[in-house]
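Before any comments, here is the structure.
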Amino acid sequence: MVSKALFFFVLLSFSAVSFSYAFAENEEDPGLLMNFYKDTCPQAEDIIKEQVKLLYKRHKNTAFSWLRNIFHDCGVQRCDASLLLDSTRRTLSEKETDRSFGLRNFRYIETIKEAVERECPGVVSCSDILVLSAREGIASLGGPYIPLKTGRRDGRRSRANVVEQYLPDHNESISVVLERFSAMGIDTPGVVALLGSHSVGRTHCVKLVHRLYPEVDSVLNPDHVEHMLHKCPDAIPDPKAVQYVRNDRGTPMVLDNNYYRNILDNKGLLIVDHQLATDKRTKPYVKKMAKSQDYFFKEFSRAITILSENNPLTGTKGEIRKQCNVANKHHDNEEEP
């Protein structure tokens, strides 16, 4: 009888310890949460919003950069600010790959980071700054305001060697584009909405001259071709000249559904734009978004949310970088998977 009682006591004690350990582990890694920094840095999101607004007033193109950053970072394995890391003697930066052509304004991420660090040193990750600056950039461009979770931590390695396995090229088939985003949990209407980002910004001539030379792509709207040829007069653009065409001539600084009307009118600059408007899997959503900006914004917000939560490092994984372009030199945390 005594041994039975002892056995149950030991069993209960072990269960209590196991439960406490599991609870502690769970407390240690709550994952992504709304307002993750409410206790540790309550002003974080307001500081980021204010910095994005100030930078946008001085440099309008920063908003395009913030929007592109979330694709190029979160789309390559996870949201961990690996995009922001500089090259080292051993590792090429993701920023320097062909897929990242035209990305810029990284120094202004450091401006935002410095402002946050002044308020709360060593608390807010660069990956959260990257994601929240994208949200504020979208709003600055007239897009929807998207509530996003925080709590991401920063990776320590740039993954330039795998960028092309994750980010589709603008010349790849729509099937490849759908497949790559599907791997992140983003469905067809979500992909159509995300490509609505082509409503703003510009496309460098080097990325579209193959549609103009030696012969003009017959599917292009002739009225638009004249403008494209004017902006890109050379079959081999001068690498030193900044030659480009605005993605949307009508509302180039506004994230809106004009993009879908343009591509249905064969005014898409990139092959992927044309395919989006003609492929039977995507065309119905293109038509729906061309008619309804509310529908476009709803699907865009949903897709950005999924993208922003792609396989993040949380809890004790990764680190909180001191500078966004350089991994911390010393750390005790376990390596990220």
Side-chain angles (χ1 to χ4, degrees), residues 67-78 83 94 97-103 159-222 224-225 228 232 235 237 244-245 247-248 257-290 295-296 299-300 302-304 306-307 310-311:
L67 181 52
R68 277 195 75 187
N69 284 351
I70 196 170
F71 286 96
H72 286 259
D73 186 60
C74 295
V76 182
Q77 289 189 341
R78 63 166 59 95
L83 173 70
E94 291 171 37
T97 63
D98 183 61
R99 288 287 196 276
S100 300
F101 180 84
L103 285 177
R159 291 184 291 275
N161 59 318
V162 298
V163 165
E164 294 191 7
Q165 295 172 33
Y166 289 88
L167 291 181
D169 183 70
H170 56 84
N171 287 320
E172 286 184 297
S173 70
I174 195 68
S175 293
V176 170
V177 174
L178 291 172
E179 182 186 310
R180 297 280 173 87
F181 281 105
S182 175
M184 290 181 262
I186 299 172
D187 59 15
T188 301
V191 174
V192 174
L194 287 179
L195 285 173
S197 299
H198 291 175
S199 163
V200 294
R202 60 193 187 180
T203 298
H204 289 263
C205 290
V206 70
K207 295 295 184 181
L208 57 84
V209 286
H210 62 283
R211 300 193 75 193
L212 300 173
Y213 304 96
E215 294 180 354
V216 172
D217 188 336
S218 60
V219 302
L220 285 167
N221 185 313
H224 204 50
V225 168
M228 291 169 71
C232 302
Y244 61 86
V245 181
N247 289 341
D248 178 357
N257 65 338
N258 203 39
Y259 164 75
Y260 301 103
R261 291 191 283 272
N262 283 338
I263 63 175
L264 287 169
D265 196 24
N266 295 316
K267 292 179 180 176
L269 300 180
L270 302 171
I271 287 174
V272 71
D273 298 327
H274 173 68
Q275 290 186 352
L276 199 71
T278 54
D279 189 277
K280 63 182 181 181
R281 292 164 294 181
T282 52
K283 187 174 182 178
Y285 300 110
V286 170
K287 285 183 167 181
K288 195 170 178 181
M289 289 179 197
Y295 176 66
F296 163 46
E299 290 298 329
F300 184 81
R302 185 175 64 85
I304 286 287
I306 294 169
L307 183 64
N310 183 34
N311 192 27

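We use all heavy atoms of the structure for the numbers below, so side chains are in, but hydrogens, waters and symmetry mates are not.
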Are [X] and [Y] side-chain neighbours, meaning at least one heavy-atom pair lies under 4.5 Å?
X: K287; Y: L264; result: yes
X: L270; Y: R211; result: no
X: Y259; Y: D248; result: no

Hey, what do you get for [atom1] ([X]) to [atom2] ([Y]), rounding to the nearest 0.5 Å?
X: I263; Y: T278; atom1: CD1; atom2: OG1; result: 8.5 Å
X: I306; Y: C74; atom1: CD1; atom2: SG; result: 12.5 Å
X: R159; Y: Q77; atom1: CZ; atom2: CD; result: 4.5 Å

Any side-chain to backbone donor/acceptor pair from T97 onto A160? Under 3.5 Å, distance only. no
If only atom types and distance count, is the side chain of E172 paired as donor or acceptor with the main-chain N or O of D169 below 3.5 Å? yes
Under the side chain to side chain donor-acceptor pair (under 3.5 Å) test, which residues partner R180, sequence neighbours left out? none
Report the C-alpha separation of H210 and I271 in whole Å, then their side-chain angles, then the decisive distance to 0.1 Å, and conclude whether the side chain to side chain contact (heavy atoms under 4.5 Å, CB included) test is met. CA-CA 10 Å; H210 62 283; I271 287 174; 3.6 Å; yes
Residue pairs passing the side-chain hydrogen bond (donor to acceptor under 3.5 Å, both in side chains) test where at least one lies in residues 190-200, sequence neighbours excluded: H198-D273, S199-D256
Heavy-atom pair with the smallest gap, counting every atom of Y295 and P189: OH-CB, 3.9 Å
Could you go through M228 and L269, starting from their C-alpha distance and side-chain angles, then the distance that decides it, and tell me whether this counts as side chain to side chain contact (heavy atoms under 4.5 Å, CB included)? CA-CA 9 Å; M228 291 169 71; L269 300 180; 4.0 Å; yes
